[in-house]
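Note on naming: letters A, B, ... go to the chains in the order of the sequence lines (proteins, then strands), and numbering restarts at 1 for each one. Keep in mind that the numbers below use all heavy atoms, side chains included, and drop hydrogens, waters and symmetry copies.
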2 protein chains.
Amino acid sequence: MAVTIKDIAKYAGVSVTTVSRALNGYPDVSEETREKIKKIAEELNYSPNSIARGLVTNRTHTVGLVVSELIKPGAYHPFFLEILAGIKAGLRKDKYDLILYTVDPTSQDVTPYEKLCNDRKVDGAIVEGLKLSDPYIEEIKNTEIPTVLIDIPILNDKVGYVSSDNVQAAFEATSYLIKLGHKNIGFINGHNDAAVSFERLEGYKKALYKNNIPYKDEYVVFDDFTQDGGYNCFRKMIFENPEITAVFHASDLMAIGSLKAAQDLGMRVPDDVSIVGFDDIELSSLITPGLTTIRQENYKIGYMAARHLVSIIKGEKPRHIIIPHRLIIRQSAKKI
Amino acid sequence: MAVTIKDIAKYAGVSVTTVSRALNGYPDVSEETREKIKKIAEELNYSPNSIARGLVTNRTHTVGLVVSELIKPGAYHPFFLEILAGIKAGLRKDKYDLILYTVDPTSQDVTPYEKLCNDRKVDGAIVEGLKLSDPYIEEIKNTEIPTVLIDIPILNDKVGYVSSDNVQAAFEATSYLIKLGHKNIGFINGHNDAAVSFERLEGYKKALYKNNIPYKDEYVVFDDFTQDGGYNCFRKMIFENPEITAVFHASDLMAIGSLKAAQDLGMRVPDDVSIVGFDDIELSSLITPGLTTIRQENYKIGYMAARHLVSIIKGEKPRHIIIPHRLIIRQSAKKI
DNA sequence: CTGAAAGCGCTTACAG
DNA sequence: CTGAAAGCGCTTACAG
């Protein structure tokens with residue numbers, strides 16, 4: 001079987017206590033014995049049993065990643081991979097392992113958040129893709145488990161979050177359209193089960209207000225972030241408000257849906273209507289016309305979420321961490 | 001602290017032994033005591049400590065997912081999410097948790113495969129995205145850890161694999177082009193560090209042979225599956241062999257690169273040249289012209305990998321599992 | 001049908 | 001600087 005601390009102790013002629021201390025870098029071991037033990041451990045190809053250690057220390061050096069909506073109906077989460085890669089990179093430094101939990105909101109048996117985390121004794125968790133109506137939200141508001149949320153504003157003793165500055169980003173996107181001369185600007189927003197939707201609406205309103213453009217309820221519509229959602233909303237909006245010359249979207253997928261709808265209606269983009277998205281997914285640079293959009297630094301969001309979680313686990317105070325965004329100007333919006 | 005088996009024993013007035021057996025469904029417990037214990041466990045909101053159990057049973061009910069190349073230079077793994085979603089679904093039934101290991105081949109300290117798995121005592125692992133030259137390959141050939149590979153043919157006492165029938169798929173794609181009247185058919189293949197590349201080349205050759213079309217070395221080129229790779233290969237191939245009227249590709253990304261290159265060279269697709277890809281990634285149905293390609297059922301590949309791993313863990317014999325593919329005909333190839 | 005005891009591989013007061 | 005012992009929360013022969 002696998003070699004244990006006991007085997008090393010026998011070979012070295014010391015107690016397991018000493019082996020444990022030597023290997024864990026405690027100061028109260030003579031250099032001589034430490035060296036001997038280390039050498040033997042290496043020769044025996046010893047690898048500590050993290051399970052056993054976890055049982056006694058009550059720390060597993062493992063964090064959970066709880067992700068909802070990995071598969072939305074008809075589409076995979078468009079930038080989960082970037083967030084995931086960032087998280088892995090952020091965890092690597094401190095050698096935390098990652099357990100992936102995918103929650104399916106349509107499923108019957110949803111394990112409560114605390115149970116989910118406690119079953120594997122994760123030291124903390126990152127939570128992504130949750131809707132505001134998800135029952136986990138209420139649990140997380142009162143949890144004792146170190147948690148970092150992505151794009152959901154909850155802050156308490158153990159819970160922090162990271163996100164872009166959505167108000168500012170939407171403000172910039174809308175202001176850009178205004179600067180191009182647009183006055184009748186539609187906004188196809190995400191569903192109102194996402195915190196970012198409200199923040200983006202606020203930024204949109206702010207830009208109108210600052211430029212003395214009256215806000216009109218009929219220019220704003222909530223939908224589900226998907227391409228089909230954008231397609232349908234665009235048709236309806238343009239049909240009912242033909243004076244609209246530009247549409248801002250809360251996701252690139254919706255913007256691409258609008259692009260298709262415009263094409264099908266015989267409208268040219270950007271000549272007849274300007275389109276701006278949000279996210280800067282890979283597809284947005286590949287389509288024609290290239291999509292003007294807000295780039296979110298998803299890798300960085302994941303990275304910082306991981307770093308922040310580690311710091312909370314170590315006892316630091318949770319915060320809201322803002323990741324910079326950027327307006328990416330391509331060809332889908334133009335001056336009028 | 002969390003409630004343990006000991007607490008339940010105390011409340012129920014029985015020994016921990018009995019509690020353990022009652023909760024684990026052993027037959028040798030009276031129905032009466034079992035009911036009592038179950039009720040108390042429920043009331044106390046007991047949740048077993050899987051760490052402690054793992055220490056004694058030497059089973060963690062956890063599997064690893066080892067993925068290389070999660071981020072290739074300049075691009076994220078295009079269908080990892082589908083595979084992942086399939087794996088999670090396949091694991092759900094048997095309640096296995098998933099630990100995600102991303103290996104970065106460029107990194108210095110690559111933990112040996114067995115050590116990676118043993119550190120967390122996973123019961124088995126699924127391996128995806130490995131190159132043939134990866135040192136893990138040799139390790140896996142001799143491992144005792146239940147393992148299922150995706151797209152890498154290794155079979156032994158504990159190791160099985162799942163893949164599409166790449167020979168047959170490439171055969172079908174090439175035959176389709178031949179049926180359209182093409183005789184000078186290029187093949188932009190993946191790098192020769194992937195098993196699938198050899199299999200697809202074999203299928204390509206087979207189709208030519210069957211139709212009495214001589215195979216020409218200069219019509220075949222190996223590259224790295226990426227869009228840039230396709231772009232450059234296409235330019236070179238068409239420049240040196242202007243008689244080519246159709247090009248088959250080992251990935252959609254490369255096919256899309258060729259599409260771009262053709263455009264830049266003033267060639268129309270499919271009028272001047274026919275293009276066929278492999279994978280059927282999401283993008284392929286969205287671009288113009290829609291890409292004719294081979295669809296791989298990635299979700300299913302992931303799902304079956306998980307199911308097969310569970311069966312190997314339970315002692316069944318590893319196999320090669322073939323997941324059906326399908327030729328998806330869109331607009332990028334036409335009759336001449 | 002039930003319980004006392006040993007043990008999984010570690011860590012950590014405590015004593016020397 | 002070192003070791004004996006207790007204990008983390010479970011499971012599992014073994015005995016009754």
So B:Ser30, base contact, sugar-phosphate only, or nothing? Heavy-atom distance under 4.0 Å. sugar-phosphate
If you only use heavy atoms from C-beta on, which nucleotide in D:dT2, C:dT2, C:dT12 is closest to the side chain of A:Ser20? C:dT12
I want to verify a distance call: between C:dG9, C:dT11, C:dC8, whose nearest atom is closest to the A:Lys6 side chain? C:dC8
Phosphate OP1/OP2 of C:dA5: any B:Thr17 side-chain N/O under 4.0 Å: no
When the distance from NZ of A:Lys36 to C1' of D:dC1 is rounded to whole Å, what number comes out? 13 Å
Atom CG of B:Asn58 to atom C1' of C:dG7: distance rounded to whole Å? 13 Å
Is a salt bridge present between A:Glu31 and A:Arg34, judged by a nitrogen-to-oxygen distance below 4.0 Å? yes
Closest to side chain of B:Tyr26, choosing from D:dC10, D:dT12, C:dC10: D:dT12
Please name the nucleotide paired to D:dA13 by Watson-Crick or G-U wobble geometry with both distances under 3.5 Å, or report none. none
Whole angstroms only, please: what is the CG-C1' distance between A:Leu23 and C:dT11? 13 Å
With both distances under 3.5 Å as the test, what is the Watson-Crick or G-U wobble partner of C:dA4? none
Report, as yes or no, whether the 6.0 Å neighbourhood of atom NZ on B:Lys38 holds more than 12 heavy atoms from other residues, nucleotides or ligands. no
With a cut-off of 6.0 Å (strictly less than), are more than 12 heavy atoms of other residues, nucleotides or ligands near CD of B:Glu35? yes
Return the nearest nucleotide to the side chain of A:Asn24; candidates are C:dT11, C:dA13, C:dG3. C:dT11
To the nearest angstrom, how far is B:Arg53 atom CZ from C:dG9 atom P? 18 Å
So do B:Val63 and B:Tyr96 actually touch side chain to side chain, heavy atoms under 4.5 Å? yes
In terms of side-chain heavy atoms of B:Thr4, which of C:dG3, D:dG9, D:dA4 is nearest? D:dG9
So with a 6.0 Å cut-off around CG of A:Asp157, is the heavy-atom count from everything else above 12? no
Below 4.0 angstrom from OP1 or OP2 of D:dC10, is there any side-chain N or O of B:Thr57? no
Candidate nucleotides D:dG9, C:dG3, D:dG7, ranked by approach to the side chain of B:Ala52 - the nearest: D:dG9
Whole angstrom is fine here: how far is it from NZ in A:Lys121 over to C1' in D:dC8? 11 Å
Of all the nucleotides listed (C:dG3, D:dG3, D:dT12), which has the minimum atom distance to the side chain of A:Ser15? D:dG3
Looking across every strand, which nucleic acid part, if any, lies under 4.0 Å from A:Ser50 by heavy atom: base, sugar-phosphate, or nothing? nothing
Just compare C:dT11, D:dT11, C:dA4 and give me whichever is closest to any side-chain atom of A:Ile5. C:dT11
5' precedence on DNA chain C between B:Leu55 and B:Asp28 (nearest-nucleotide basis): B:Asp28
Please report, rounded to the nearest Å, how far the P atom of C:dG9 is from the CZ atom of A:Arg21. 21 Å
Ranking D:dT2, D:dC10, C:dT11 by distance to the side chain of B:Tyr46, first place goes to D:dC10
Go through the steps for B:Val196 and B:Phe225 under the test side-chain contact (heavy atoms from CB on, under 4.5 Å), then give the verdict. CA-CA 11 Å; B:Val196 296; B:Phe225 291 108; 4.1 Å; yes
